[in-house]
Amino acid sequence: MKLEEITEPLLSWYEENKRDLPWRRDPSPYHVWVSEIMLQQTRVEAVKGYYERFLSALPGIEDLAACPENKLLKLWEGLGYYNRVKNMQKAAKEIVLKYNKEIPADYEKILALPGIGSYTAGAVSSIAFGLKKPAVDGNVLRVISRITENGDDILKQSVKKRVEQELEAVMPEDRPGAFNQSLMELGATVCIPNGMAKCSDCPVSHLCKARANGTVLEYPKKASKKKRRIEEKTVLLIQNGQEYAICRRPDQGLLAGLYEFPNVEGWLTEEEVIRAVEEWKLIPLHIRTAGEAKHIFSHVEWHMKGYVVKVASTEEKEAGNLLFINKKESKGKYAIPSAFSAYRKYIEED
DNA sequence: AATTCGGGGGC
DNA sequence: GCCCCAGAATT
């Protein structure tokens, strides 16, 4: 089987079956770029709402380049992988300065921008500019591994590089964007993972080696993942009247630059919590438990126990690194990640 | 080549 | 519980 045989069936199928997605309506380079960054390791359904809101707030590249970081993170709040939006702003500033406010129609220049790897560079190049560059994501790797019945570990970058070369060699000159999207669309809606592939709906099932040999369930091959480590934390809801304390996380590492309720490593007793609050030079008046919560990241789990600590009224908005905010500021101003969703209700109620 | 980055939905 | 998602950057 020659791989290029998939081109015509895929393109025809795509035109008939493609989903109506927000970023397919007006595929300007900026729109395609924003959508592709949001879609990195993130499902289409999760992105839709964020995409519309983001472009309403920042309709152009210059708006993105000039946006204050807190507002930017608030627009991304809950979407995850927050370096994506920071890198996107870096790239926007670079585009404004070096490329006269327009994304260059050049694969290598796009690839060199922060936050853009081979997949995103290929997607923007092909979809927004009609350049013949492949866009190989997890969908494409799964589809190709099944069609070719290839047992290599698709998590290896060497495999991704090889698939990119193979696809670039057989891509149609005229419709590279549609070709790339057809492979992803097939992977997302028909050739889906975990053994539920709908081969009867597949336009290239007659070319699929795994289908012919009944081995679809065995592909793609992936190396097993290592276990997550577990971190125990005590989360403090420090209440001063209608306001609660939050603090900014460090600029590097997990959830960098986002805000959180003050918390400490380990599970503290009430007495230890009282002492910890006094370390902030606050005067604890009353303490009660605020329940337990678990949050699972890709590589770590937080097992949290919470306490509500009412403190004596203080004039200061800030105490050390603490920042006292009200319900309105919590909802509209500061980005607090989903890891703390179990505890946000304390400030968002009352 | 491995690890670190979020969060949610499906089974 | 485990899987995976329109991946990229860092170590």
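Everything numeric here is computed off the predicted structure, so don't read it as measured data. In what follows, chains are A, B, ... by sequence order, proteins preceding strands, each numbered from 1.
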Selection residues 196-207 of chain A - residue pairs positive for salt bridge (charged side-chain N to carboxylate O under 4.0 Å, His left out), sequence neighbours left out: none
Listed once per pair and sorted, the salt bridge (charged side-chain N to carboxylate O under 4.0 Å, His left out) pairs that draw on residues 290-302 of chain A, sequence neighbours left out: Arg228(A)-Glu301(A)
C1'-based separation of dG8(B) from dA9(C) [nearest Å]: 23 Å
Salt bridge (charged side-chain N to carboxylate O under 4.0 Å, His left out) partners of residues 116-136 of chain A, not counting sequence neighbours, each pair once: Lys132(A)-Glu173(A), Lys133(A)-Glu168(A)
Closest nucleotide among dC5(B), dC4(C), dA8(C) to the Tyr119(A) side chain: dA8(C)
Extract from the structure each pairing of a protein N or O with an N or O of nucleotides 9-11 of chain C at less than 3.5 Å, listing the distance.
unit_1	atom_1	unit_2	atom_2	d
dA9(C)	OP1	Gly115(A)	N	2.4
dA9(C)	OP1	Ile116(A)	N	3.3

Shortest side-chain distance from Arg142(A), nucleotide among dG1(C), dG7(B), dC4(C): dC4(C)
Flag, side chain of Tyr50(A) to backbone of Glu77(A), donor-acceptor distance under 3.5 Å: yes
With sequence neighbours excluded, residues passing side-chain contact (heavy atoms from CB on, under 4.5 Å) with Pro22(A): Arg25(A), Lys48(A), Tyr51(A), Glu52(A)
Listed partners of Ala188(A) passing side-chain contact (heavy atoms from CB on, under 4.5 Å), at least two apart: Arg19(A), Asn139(A)
Sorted by number, the residues of residues 31-66 of chain A with heavy-atom contact under 4.0 Å to DNA chain B: Gln41(A), Thr42(A), Arg43(A)
Runs of at least three consecutive pairs that involve DNA chain B, where pairs are Watson-Crick or G-U with distances under 3.5 Å: B:1-5 with C:7-11, B:7-11 with C:1-5
Set of ring pair (Phe, Tyr, Trp, His ring centres under 6.0 Å) partners for His295(A), sequence neighbours left out: Phe297(A)
Closest to the Asn139(A) side chain, choosing from dG8(B), dT4(B), dA6(C): dA6(C)
Contact list for residues 253-274 of chain A, test salt bridge (charged side-chain N to carboxylate O under 4.0 Å, His left out), sequence neighbours left out: Arg249(A)-Glu260(A)
Linked hydrophobic residues, Leu217(A) as query - side chain contacts closer than 4.5 Å: none
Set of residues satisfying side-chain hydrogen bond (donor to acceptor under 3.5 Å, both in side chains) with respect to Trp13(A), sequence neighbours excluded: none
